[in-house]
Amino acid sequence: MTATSVEKANGTPVASPELGEGRPKPEEQSSRATQPSRREEKRLDNQVSRREDREDRAREREEARKDAEHARQLKEQERQAKLERKQQQRADKEKARAKRRKERRLAWHNFQTRLAQHMPLWGLPVIVVSLIMGWSGQAGAAAHLGMGVFAAGVPVLTEGMVLTFAGLTGQAIEQGRPYRGLMRITWITTLIAAAINGAGHLIEDSSGPGTYRAGAYALASLAAMILWWVVMRSKRAVLAGKTAEEIARWKRLARRHPVLVRRARRIADNTGVKIDAAYATAWERANGAKPGEPSIREIRASRRAEFRRRRAQSWNGQRGWRTQSDAPTAVRPAAAAGTAEAPTGDGSGEVCTPVQPPFLPVALLVPGARGEWVEHRVPVLPMTAPKCVPAKGDRTATTRSPQGKNAVFKRTQKDVEGSRLQAVRELVEKASADGKDLRKHPSNRSVMRALGCRREAAADLLATVLAEHGITRN
């Protein structure tokens, strides 16, 4: 076979076409076989249109649903925002109301605190009634006495000055400035106001009921001042930082030792130290020892007590005067502080005092720096030789002082007695120069105050001086 096929058609050979030249392709045959008709195409177009319409409607419904959901969300958000705004406004109002309530409560508390510094709340009725009665009473009395329109100025001058000076005194106490002068002026103006108030009503009616009314109005002017003064005393103590115990302690010290307290205040004013340190300095200068330590008087009293104790322990049970010789004997050490001492003696029957221990067996109770009692052991110097009881023939009592009375003591005692006699002579001469009766002047009390001695000693000295003038008192 050649590339060109020769077929016979009706007996005449005809060349057959090759593929691609005159014969249709298989794809064209299949496409021609499957190509829809016009009706089918229309049906398919309608189907496609309906499907697209359904999709469009579904898309529109979805968009409408989404729009409605979004609108609903926006509405819900707006509602929530509105609710939150209302809640926030309500919270802000409540907060502002609570803040105003707190400020009012704080302002009221501060007012009460400031008022309580000057006057407690339960004292306000007294103050109000006192002011009303004082002002109305003075104005009414002045109007009755014919002062006319100027009667209203009387309480302004009197009670107004009292209130002004009271306020200045309170400020001075708060700021720590001197206030005593202002306090005195306040009291003086208060007394003047009370006197004017009472005198006006007394002049108006001097009968019994009028006198009672005048006294009531005068007391009304004083009542508020008395209450204010008590409050100021408490306030001054609080600002000074003093407790009730310290105030009571200083009152006791001022009552027991007024001279030392005055000296302490003078030392504090001159040096600028605190009153406690100044009082300790004054105590040490007067007693020779610091507060809490035994003073000279207490040491002497303890030694006298120890001396009498040794004498009592060495007593042999016999009545009458004890007999001892002046011959020195051997010194025996003292017994222990906690054991009883037995009486000592030698062959001659003399009773000798043992050597003193280094400390007294009984501690002294002395006042401490804070007013309490402090135990203090008093040291005792050892004695070089025993002290013996004087002989029976002397018939004189033993000395009460363990130190004894030597020549210096006697000379000092004689000088003191001479100076006291000279002072009494000057008092008698002064009374005689004034033309007074020496049988009555000077008195024992005046001599006692001038010399600072006891009443019996003053009476003896005065009797001695009057005897020089030939005067004897019964």
Side-chain angles (χ1 to χ4, degrees), residues 70-140 152-183 185-187 189-190 193 197 217 219-247:
H70 182 65
R72 188 166 54 252
Q73 290 179 359
L74 292 178
K75 187 176 181 181
E76 181 68 19
Q77 291 177 359
E78 184 179 359
R79 189 181 65 82
Q80 291 291 338
K82 186 176 181 181
L83 181 61
E84 290 178 358
R85 285 196 302 270
K86 288 183 178 180
Q87 292 179 353
Q88 185 65 30
Q89 291 176 0
R90 189 180 298 110
D92 293 341
K93 290 182 179 179
E94 186 66 25
K95 186 176 180 180
R97 190 181 299 109
K99 183 178 179 180
R100 290 193 299 270
R101 191 184 304 112
K102 184 178 180 180
E103 291 177 353
R104 288 195 300 269
R105 189 182 301 110
L106 182 61
W108 175 246
H109 179 71
N110 294 334
F111 174 74
Q112 288 181 345
T113 303
R114 291 194 302 268
L115 186 62
Q117 292 178 356
H118 298 279
M119 185 62 57
L121 297 180
W122 53 84
L124 291 180
V126 180
I127 302 298
V128 173
V129 173
S130 176
L131 291 177
I132 293 175
M133 291 186 64
W135 286 62
S136 62
Q138 293 184 14
V154 175
V156 175
L157 294 177
T158 56
E159 300 292 344
M161 289 183 63
V162 172
L163 294 177
T164 303
F165 283 114
L168 293 176
T169 307
Q171 292 180 359
I173 292 176
E174 288 180 356
Q175 300 174 3
R177 294 184 285 105
Y179 64 92
R180 297 185 182 276
L182 293 172
M183 181 67 77
I185 296 175
T186 305
W187 272 109
T189 54
T190 303
N197 201 351
Y217 276 100
L219 182 60
S221 299
L222 290 175
M225 183 59 190
I226 294 173
L227 185 57
W228 175 84
W229 176 70
V230 174
V231 174
M232 287 297 105
R233 282 178 58 89
S234 302
K235 181 180 179 181
R236 187 175 71 246
V238 171
L239 293 177
K242 295 181 180 179
T243 60
E245 296 179 356
E246 293 180 356
I247 296 175

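Computation of the quantities below employed the complete heavy-atom set of this structure, encompassing side-chain atoms and omitting hydrogens, waters and symmetry-equivalent molecules. Only a predicted model underlies this, so the values are computations on that prediction, with no experimental measurement involved.
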Nearest 0.5 Å, please: how far is CD in Glu159 from CE in Met133? 11.5 Å
To the nearest 0.5 Å, tell me how far Arg180 CZ sits from Ile173 CD1. 9.5 Å
Pair Gln77, Gln73 - check side-chain hydrogen bond (donor to acceptor under 3.5 Å, both in side chains), show working. CA-CA 6 Å; Gln77 291 177 359; Gln73 290 179 359; 5.1 Å; no
Expected output: side-chain Asn110 to main-chain Leu106 donor-acceptor under 3.5 Å: yes
Considering all heavy atoms of both residues, which atom of Asn197 and which atom of Tyr217 are nearest to each other, and what is their separation? ND2-O, 3.2 Å
Tightest non-hydrogen contact, residues Pro178 and Ala172, listed as O-CB, 3.8 Å
Over 12 non-hydrogen atoms of neighbours within 6.0 angstrom of CD in Glu245: no
Taking atom CD of Glu78 as the centre, report whether more than 12 heavy atoms of other residues, nucleotides or ligands fall under 6.0 Å from it. no
Working to the nearest 0.5 angstrom, can you tell me the gap between Trp229 CH2 and Thr190 OG1? 12.5 Å
Taking the side chain as everything from C-beta on, heavy atoms only, tell me whether Thr164 gets closer than 4.5 Å to Thr189. no
List the atom pairs, with distances to 0.1 Å, where a side-chain N or O of residues 82-92 and a protein N or O form a donor-acceptor pair under 3.5 Å, not counting sequence neighbours.
{"unit_1": "Gln88", "atom_1": "NE2", "unit_2": "Asp92", "atom_2": "OD1", "d": "3.0"}

Kindly compute the distance separating CG (Leu168) from CG (Leu163), expressed to the nearest 0.5 Å. 11.0 Å
Knowing that exactly one of Met161, Met232, Met225 qualifies, which makes a side-chain contact (heavy atoms from CB on, under 4.5 Å) with Thr186? Met225
Can you run down the ring pair (Phe, Tyr, Trp, His ring centres under 6.0 Å) pairs that involve residues 89-110, sequence neighbours left out, and say none if there aren't any? Trp108-Phe111
Flag the pair Glu103 and Arg100 as a salt bridge only when some basic side-chain nitrogen lies within less than 4.0 angstrom of an acidic carboxylate oxygen. no
What is the minimum heavy-atom distance between Ala193 and Ser221, and which atoms define it? O-OG, 4.3 Å
If you round to the nearest 0.5 Å, how far is CG of Leu222 from CH2 of Trp187? 7.0 Å
